[in-house]
Protein chains: 2
Amino acid sequence: MSISTSEAAIAALSALAQEHRLAAFRLLVEAGPEGLPAGTVADRLGMPPSSLSFHLAHLERAGLVAKTRLGRTLIYSARFATARGLADYLLENCCGGRSCADAAVPERLAKGA
Amino acid sequence: MSISTSEAAIAALSALAQEHRLAAFRLLVEAGPEGLPAGTVADRLGMPPSSLSFHLAHLERAGLVAKTRLGRTLIYSARFATARGLADYLLENCCGGRSCADAAVPERLAKGA
DNA sequence: TCTATATTTCCAGAATTATCGAACCATATG
DNA sequence: CATATGGTTCGATAATTCTGGAAATATAGA
């Protein structure tokens, strides 16, 4: 998941553009590759399981998390590569390779000078 | 705009998590520091001015674009620093400093092994 | 098999976001 | 001042997303 199309970028962006999902994802990042059971995430975030499930599914569709069954618990883990892929996408497509040293003060356009 | 809080990150993420806004922002990035008049962006994106205005305002609130008046035209330009700030936020908070070499296959948790 | 646990899916209602025409504001120019 | 141009704001409607309880699914264990 290296995020090549803008659709993929939008999927990842909107997956993270939500309070609860960003919090869940950060929790999983912190948990590392071992991941965390859905229930644990729900507890730590203090939200009802059905709501959390909705958000985790959203993250999974965007390729940001992976799901593994272990007995009767489902373990979610962060897909670091996708997060990095999104960061790379931003750097390439939204910083245009330029230095990114904020210089957004256009003072002369449509005027020759 | 270095994006320190998660609120700021969510604002930037959701600003870019929309087809038209991402397209508009990319256009402004491509245009460089000189920026582009709102009307030009509307033309290139083929959308009614009021719709575009709505989206540009959204990008501006998130700190992703700057607005400058030049006569009767309003020129929008990308704030590269914010885009980079978002990329940095992702790298720091969503990749956890680790190598990011996808390793999301938790096979032993809750079991000693 | 019956029961308990972990979680998801379903569904309906609430909340938020997007769309776009019409009216409005600001600036330029005759 | 009158008029034209570039854009925004308003407002009503449509579309999408979020929320959370109830019912359903999957697995484990007695």
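Chain identifiers are assigned alphabetically (A, B, ...) following the order of the sequence lines, protein sequences preceding nucleic acid strands; residue numbering begins at 1 within each chain.
Going from atom CZ of A:Arg69 over to atom P of C:dA6 covers 12 Å, rounded to whole Å. The separation between B:Ile10 atom CD1 and C:dT17 atom P is 11 Å, rounded to whole Å. To the nearest angstrom, C1' of C:dT7 lies 6 Å from CG of A:Leu74.
Legend: residues meeting side-chain contact (heavy atoms from CB on, under 4.5 Å) with A:Leu27, ordered by chain and number and at least two apart, are A:Glu30, A:Leu36, A:Val41, A:Arg44, A:Leu45. When the side-chain contact (heavy atoms from CB on, under 4.5 Å) test is applied to B:Asp43, no partner is found at least two apart in sequence or on another chain. Scanning for side-chain contact (heavy atoms from CB on, under 4.5 Å) contacts around B:Ala8 gives B:Ile3, B:Thr5, with sequence neighbours left out. Partners of B:Glu60 by salt bridge (Lys or Arg N to Asp or Glu O under 4.0 Å), not counting sequence neighbours, listed by chain and number: B:Lys67. Every residue was checked against the salt bridge (Lys or Arg N to Asp or Glu O under 4.0 Å) condition with B:Glu7, not counting sequence neighbours, and none meets it. Checked against side-chain contact (heavy atoms from CB on, under 4.5 Å), A:Ser50 has no partners two or more places apart in sequence or in another chain.
Within the structure, the ring-ring contact (aromatic ring centres under 6.0 Å, His included) test picks out the following pairs touching residues 43-62 of chain B (sequence neighbours left out): B:His20-B:His55. Every pair tested for ring-ring contact (aromatic ring centres under 6.0 Å, His included) that includes a residue from residues 23-48 of chain B fails, sequence neighbours excluded, so the list is empty. Listed by first then second residue, pairs satisfying salt bridge (charged side-chain N to carboxylate O under 4.0 Å, His left out) with a partner in residues 12-26 of chain B number zero, not counting sequence neighbours.
Heavy-atom contacts of chain A under 4.0 Å fall on DNA chain D between two terminal nucleotides, which in 5' to 3' order are D:dC18 to D:dA28.
Contacts between residues 44-56 of chain A and DNA chain C, defined by a heavy-atom separation below 4.0 Å, involve A:Pro49, A:Ser50, A:Ser53, listed by number. Within residues 12-27 of chain A, the residues having any heavy atom closer than 4.0 Å to DNA chain D are, in order of number, A:Gln18, A:His20, A:Arg21.
Once rounded to the nearest 0.5 Å, the distance linking CG of B:Leu86 with CG of A:Leu91 reads 10.0 Å.
Residue order along DNA chain C, read from the 5' end via each residue's closest nucleotide, puts A:Arg72 first among A:Ala57 and A:Arg72.
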